[in-house]
Amino acid sequence: MSRLHTRLLPLAAAAAAALFSTGASALEFHGYIRSGSGVTSGGGDQTCFSLPGAYTKYRLGNECETYGEAQLDQNLYDGKDGVKFDYHLMFAYSKAYSTQQDYESLKNDGADWALRQNWIGVKGLPMLNGASVWAGKRYYKREDVHMSDFYYHDTSGYGAGIEDVQAGPGKFSYALMRNTDTDRGMTRHDFRYEGISLGGAGTLDFAIELNRADSTNGATAENGSFLQVEHMIPMFGGFNKLAVQYGKGSASNLVLGYPSYTADNDNKTWRILDWGVVEFSPSFSGMYEIMHQDTKDNYSWTSIGVRPVWHLTDYFKLQAELGYDRVKPDNLKTMNLTKFTIAPTLVAGRGFWARPELRLYVTHAKWNDAARDQWGGVAGGSTGRFGSDTNGTTYGFQIEAWW
């Protein structure tokens, strides 16, 4: 080894020690992963069951892809007065179960990489009474029902804002978000007033979004608006949330991060959702969801589901999931789908949110003739596993973890 190498090695070791101590020690790694494999009764790959027109499906034993998120959080500045500048970066990977083999390309066969978050936030600013300011691309105040992967209030994307300003009994937040789609654009003004205490009756949150459209080269884009009122109350060791939502124009799809550019004020949708988590005891927990959504002159969607969990030991539980979806188009027959899953699971601890989980599952689903026909005569989507049947079974394994 040369003298130069001999001199450089201690310097490199010292640099590495400095990197992973003091300021750089604030680097944090977070993530999420789900994956697995399955087969369909009678042969063939796993089939996942969902209805056309339903935004989501009940996911236990009913997911047909690998999906992962990797997030890095780095403190950039930590002031003596409590002011902090933090950087957040997240990438995601998704791949359908179209092929499963020892060597799988990360760029072909349905695999996809995506940038999900890339933003900087400032916390503890004295002139804002401890509020936060942020800018970049981020998940913004997302709300979801985990068992159906239903992000019922999600305005994520590119933007900037001020967050959690104490104002009377609640906290105020404002975000300016921006979407573009070739020759069309949407500027979204997101207003929140959250955490209004009702004493023993829980809390209230209010959200308003105003969309302002722009376009070039003869493209069409429409304005829109969205309103949500949400009540949350602690219950049975967990909580219950009741959300009432209304959207019109470009916000009429209620999928705020993906505006419906050409929908005008005649397009209107309302939704009521009640969901929650219960932790009755160290041996029993669960989640439930009841939802109805109606789009004017188009269709309605109703969804009801429950996932009870029996914690037999600290590391083993038995969970089940029963979900029902009904989609009623205005000019077509009503479709319905019922899905049931049983899943013995190895888990890291007790409680509904304990993860990681390693599950075996058996899923059985039943649907009506109208659902089969709307699937193009092929039940279970485009896989053709069940032909003209109106029921089917899949079984396999799944993993899920977050950290």
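Each residue takes its place number in the sequence, starting with 1. All values below were derived from every heavy atom in this structure, side-chain atoms included, with hydrogens, water molecules and symmetry-related copies excluded.
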Inset, instruction - Would you mind checking if Lys241 and Asp205 are paired as a salt bridge, meaning a charged N to carboxylate O distance below 4.0 Å? - result: no
Inset, instruction - Provide the closest heavy-atom pair for Phe172 versus Ala167 in the form atom of the first, atom of the second, distance. - result: CB-CB, 4.4 Å
Inset, instruction - Dump the intermediate steps for side-chain contact (heavy atoms from CB on, under 4.5 Å) on Thr338 and Leu322, then the final yes or no. - result: CA-CA 7 Å; Thr338 301; Leu322 177 64; 4.0 Å; yes
Inset, instruction - Report yes or no: does Ser148 contribute a side-chain atom to a donor-acceptor pair with the main-chain N or O of Thr56 at less than 3.5 Å? - result: no
Inset, instruction - Taking only Lys NZ, Arg NE, NH1 and NH2, and the carboxylate oxygens of Asp or Glu, determine whether Glu321 and Lys339 approach each other closer than 4.0 Å. - result: yes
Legend entry - Contacts of Tyr77 that satisfy ring-ring contact (aromatic ring centres under 6.0 Å, His included) - sequence neighbours left out: Phe85
Legend entry - From Ile342 atom CD1 to Leu60 atom CG, the distance as rounded to the nearest 0.5 Å: 8.5 Å
Legend entry - Non-hydrogen atoms of Tyr193 and Gly170 that approach each other most closely: OH-N, 3.1 Å
Inset, instruction - Can you measure from NZ (Lys333) to CG (Asn368) and round to the nearest 0.5 angstrom? - result: 9.5 Å
Legend entry - Donor + acceptor pair across side chains of Asp325, Ser303 (<3.5 Å): yes
Legend entry - Short side-chain to backbone donor-acceptor contact, Asp86 and Lys123, under 3.5 Å: no
Inset, instruction - Report yes if some heavy atom in the side chain of Glu230 is under 4.5 Å from a heavy atom in the side chain of Tyr152; otherwise report no. - result: yes
Inset, instruction - Heavy atoms only: give me the nearest Ala175-Trp134 pair and the separation to one decimal. - result: CB-CZ2, 3.9 Å
Inset, instruction - Would you please test Leu176 and His189 for side-chain contact (heavy atoms from CB on, under 4.5 Å) and show each step? - result: CA-CA 5 Å; Leu176 178 66; His189 301 272; 3.5 Å; yes
Inset, instruction - For His153, enumerate each residue passing the ring-ring contact (aromatic ring centres under 6.0 Å, His included) test, keeping only those at least two apart in sequence or located in another chain. - result: Phe226
Inset, instruction - Indicate yes or no: at least one non-hydrogen side-chain atom of Arg350 is less than 4.5 angstrom from one of Ser283. - result: yes
Legend entry - Residue Asp81 excluded, over 12 heavy atoms near CG under 6.0 Å: yes
Legend entry - Tyr158, OH atom: more than 12 neighbouring heavy atoms under 6.0 Å: no
Inset, instruction - Measure from the side-chain N and O atoms of Tyr87 to the backbone N and O of Leu76, and report whether any donor-acceptor pair falls under 3.5 Å. - result: no
Inset, instruction - Taking Thr269 for its side chain and Ser252 for its backbone only, find out whether a donor-acceptor pair lies under 3.5 Å. - result: yes
Inset, instruction - Return yes if some donor-acceptor pair links the side-chain N/O of Asp330 with the main-chain N/O of Asn298 below 3.5 Å, else return no. - result: yes
Inset, instruction - Of all the heavy-atom pairs spanning Phe239 and Met232, show the shortest one and how long it is. - result: CB-SD, 3.9 Å
Legend entry - From CD1 (Ile162) to OG (Ser173), nearest 0.5 Å: 8.0 Å
Inset, instruction - Would you please indicate yes or no on a ring centroid separation below 6.0 angstrom for Tyr55 and Trp301? - result: yes
Inset, instruction - Identify the two heavy atoms, one from Tyr315 and one from Gly349, that lie closest to each other, and give their separation to 0.1 Å. - result: CD2-N, 4.3 Å
Legend entry - Whether over 12 other heavy atoms sit under 6.0 Å from Tyr174 OH: yes
Inset, instruction - Give a yes or no on whether the backbone of Gly257 and the side-chain of Asn179 come within a donor-acceptor separation of less than 3.5 Å. - result: yes
Legend entry - Met335 side chain near Arg372 side chain, heavy-atom distance below 4.5 Å: no
Legend entry - Asp294 (side chain) donor-acceptor with Ser300 (main chain) under 3.5 angstrom: no
Inset, instruction - Please confirm whether Tyr140 and Trp119 have ring centers closer than 6.0 angstrom. - result: no
Legend entry - Side-chain donor-acceptor pair present, Thr155, Glu209, cut-off under 3.5 Å: no
Inset, instruction - Could you check if a side-chain atom of Thr341 sits within less than 4.5 angstrom of a side-chain atom of Gln319, using non-hydrogen atoms only? - result: no
Inset, instruction - Evaluate whether atom OH of Tyr258 has more than 12 neighbouring non-hydrogen atoms of other residues, nucleotides or ligands under 6.0 angstrom away. - result: no
Legend entry - Steps toward side-chain contact (heavy atoms from CB on, under 4.5 Å) verdict (Phe397, Leu360): CA-CA 4 Å; Phe397 69 89; Leu360 297 176; 4.0 Å; yes
Inset, instruction - Inspect the contact between Asp190 and Arg192 and indicate whether a charged nitrogen and a carboxylate oxygen are less than 4.0 angstrom apart. - result: yes
Legend entry - Backbone of Asp45 reached by a side-chain donor or acceptor of Tyr97 within 3.5 Å: no
Inset, instruction - Examine Phe280 together with Phe236 and report whether their ring centres are nearer than 6.0 Å. - result: yes
Legend entry - pair Val362-Thr393: side-chain heavy atoms closer than 4.5 Å: yes
Legend entry - Residues Asp214 and Arg178 bridged, charged N to O under 4.0 Å: yes
Legend entry - Check ion pair Arg138-Glu163 (N to O, under 4.0 angstrom): yes
Legend entry - Cation over ring face, Arg142 and Tyr139, 6.0 Å, 45°: yes
Legend entry - His231 side-chain N/O to Ala201 backbone N/O, donor-acceptor pair under 3.5 Å: yes
Legend entry - Interatomic spacing from CZ in Phe340 to OG1 in Thr363 - rounded to 0.5 Å: 9.0 Å
Inset, instruction - Examine Trp402 together with His30 and report whether their ring centres are nearer than 6.0 Å. - result: no
Inset, instruction - Flag the pair Ile33 / Trp403 as yes when at least one side-chain heavy-atom distance between them is below 4.5 Å, and no otherwise. - result: yes
Inset, instruction - List the atom of Ser37, the atom of Gln46, and the distance in Å for their closest heavy-atom pair. - result: C-OE1, 4.3 Å
Inset, instruction - Supply the atom-to-atom distance Thr345 OG1 to Arg355 CZ, rounded to the nearest 0.5 angstrom. - result: 9.0 Å
Inset, instruction - To the nearest 0.5 Å, tell me how far Gln71 CD sits from Leu89 CG. - result: 8.0 Å
Inset, instruction - Report, as yes or no, whether the 6.0 Å neighbourhood of atom NZ on Lys137 holds more than 12 heavy atoms from other residues, nucleotides or ligands. - result: yes
Legend entry - Note, Trp270 side chain near His292 side chain (heavy atom, < 4.5 Å): yes
Legend entry - Asn265 backbone acceptor or donor facing Glu222 side chain under 3.5 Å: no
Inset, instruction - With the side chain counted from C-beta on, respond yes when Tyr288 and Asn240 share a heavy-atom pair under 4.5 Å apart, and no when they do not. - result: yes
